[in-house]
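The sequence lines fix the lettering, A, B, ..., with proteins before strands; numbering per chain opens at 1.
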Protein chains: 2
Amino acid sequence: MGLTKTDSFTNKQNEMAAVMKALAHPARIAIVEHLLKVNNCVCGDIVDVLPLAQPTVSQHLKELKNAGIIKGEIEGTSICYCIDPDNWQKFQKTINALFSKYNIQKAKCC
Amino acid sequence: MGLTKTDSFTNKQNEMAAVMKALAHPARIAIVEHLLKVNNCVCGDIVDVLPLAQPTVSQHLKELKNAGIIKGEIEGTSICYCIDPDNWQKFQKTINALFSKYNIQKAKCC
DNA sequence: TTCTTTAATCGTAATATTGCAATGAATAAA
DNA sequence: TTTATTCATTGCAATATTACGATTAAAGAA
């Protein structure tokens, strides 16, 4: 069906999956990495850095924005994108909470 | 096109995206959480825990296995799945490397 | 052997994603 | 005003994902 049964899972599980999904594409990883590297806000030259057409990049930016990972502000004729500080730290904690649940001592695997 | 231009990105970016993609579904998050909770290996009762039909769960397990997140061993008539210890720690480091790149002091956002 | 159990695979339908050319909206420059 | 510039949106084609019924394969029990 191509339609996820979100109703059947908890909010946390759906939120976690949503963040992962937003980062589940090399172009979006590349965008985030670039924004992290430039550190202060950067405008639409993200398009120049990526090997994709402008509409495609715009689409990826939209998905990252919808997920709350980045935010953008109008600056004259161009738009300034940057990592959303609060959400970035929140997501880091969420993901770390999952990964750190692993107890390598107790976990006697097959 | 629905076809990701993987060639245009680095191996690291593609690998990172692949791990994220494997966890980009609430059912797969739920599977991982369950395996983390049970700690030692657990067999096909994952199907009982999830609100999905057996073939669907099997499909999700396959994707997690392909991504290297879990591994399975035949145990009589049933199969025992568990988190892959080495990869789990590797993925944690990879993701942490991305998230910790953020310098909240330097990052003067819009 | 036959029957049961467990889980993968096949086949299919519905929906989502990816990518881009073309277009549109908004501001700046001439 | 007209013309660029910058970026979002639209519309479309190609491919991927999600879900499940039906079937299959493998191992154990009867």
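- The distance from atom CD1 of B/I74 to atom P of D/dA26 is 10 Å, rounded to the nearest whole Å.
- Atom C1' of nucleotide D/dT17 and atom CG of B/N66 are separated by 14 Å, given to the nearest angstrom.
- Nearest-nucleotide positions on DNA chain C for A/G76 and A/A53 put A/A53 closer to the 5' end.
- Comparing A/K65 and B/A24 by the nucleotide of DNA chain D that holds the closest heavy atom to each, the one mapping nearer the 5' end is A/K65.
- Distance, B/I70 CD1 to C/dA7 C1': 13 Å, rounded to whole Å.
- Side-chain proximity of B/S78 to D/dC7, C/dT6, D/dC20: nearest is C/dT6.
- Out of C/dA16, C/dA21, D/dC20, the shortest distance to the side chain of A/L3 is found at C/dA16.
- One finds a side-chain N or O of B/S58 lying less than 4.0 angstrom from the OP1 or OP2 phosphate oxygen of C/dA8.
- Residues B/P26 and A/K5 fail the side-chain proximity criterion, which asks for heavy atoms closer than 4.5 Å.
- One interatomic measurement links the two molecules: CG of B/L64 to P of D/dT17, which rounds to 13 Å at whole-angstrom precision.
- Counting non-hydrogen atoms under 4.0 angstrom, B/K21 reaches the backbone sugars and phosphates but no base.
- Listed nucleotides: D/dC20, D/dA8, C/dA28. Nearest to the side chain of A/T77: C/dA28.
- Aromatic ring pairs are classed by plane angle as parallel below 30°, tilted from 30° to 60° and perpendicular above 60°; the pair A/H60 and A/H25 is tilted.
- To the nearest angstrom, C1' of C/dT6 lies 11 Å from CG of B/D48.
- Taking the side chain as every heavy atom from C-beta outward, A/I70 and A/D84 never approach each other to under 4.5 Å.
- Residue B/H25 has its side chain nearest to D/dA19 when only C/dG19, C/dA22, D/dA19 are considered.
- When each of A/T4 and A/P55 is assigned the nucleotide of DNA chain C with its nearest heavy atom, A/T4 is the one assigned upstream, toward the 5' end.
- Contact annotation: the side chain of A/F99 never approaches that of B/Q89 to less than 4.5 Å [non-hydrogen atoms, C-beta and beyond].
- The nearest whole Å value for the distance from the NZ atom in A/K62 to the P atom in C/dG19 is 16 Å.
- Distances were taken from every side-chain heavy atom of B/Q59 (C-beta onward) to each of C/dC20, C/dT6, D/dA19; the shortest belongs to D/dA19.
- A sub-4.0 Å separation between OP1 or OP2 of D/dA19 and a side-chain N or O of B/H60 is present.
- Using a 4.5 Å heavy-atom threshold, the side chains of A/L98 and A/T94 count as separate.
- Across C/dT9, C/dG19, D/dA19, the shortest atom-to-atom separation from the side chain of A/K5 is found for D/dA19.
- The interatomic distance linking A/E75 (CD) with D/dC7 (P) rounds to 10 Å, in whole Å.
- The distance from atom CD of B/E63 to atom C1' of C/dA7 is 16 Å, rounded to the nearest whole Å.
- At a threshold of 4.0 angstrom between heavy atoms, the contacts of B/L52 are confined to the sugar-phosphate backbone, with no base atom among them.
- Listed pair A/Y81 / D/dA8 meets the phosphate criterion, a side-chain N or O lying under 4.0 Å from OP1 or OP2.
- Side-chain proximity of A/T56 to the nucleotides C/dG19, D/dT6, D/dT15 is greatest for C/dG19.
- No hydrogens or angles were tested; on distance alone, a donor-acceptor pair under 3.5 Å links the side chain of B/Q54 to the base of C/dA8.
- Each of A/Q13, A/K12, A/K101 was evaluated against B/E33; a single residue qualifies, A/Q13, per the side-chain hydrogen bond (donor to acceptor under 3.5 Å, both in side chains) test.
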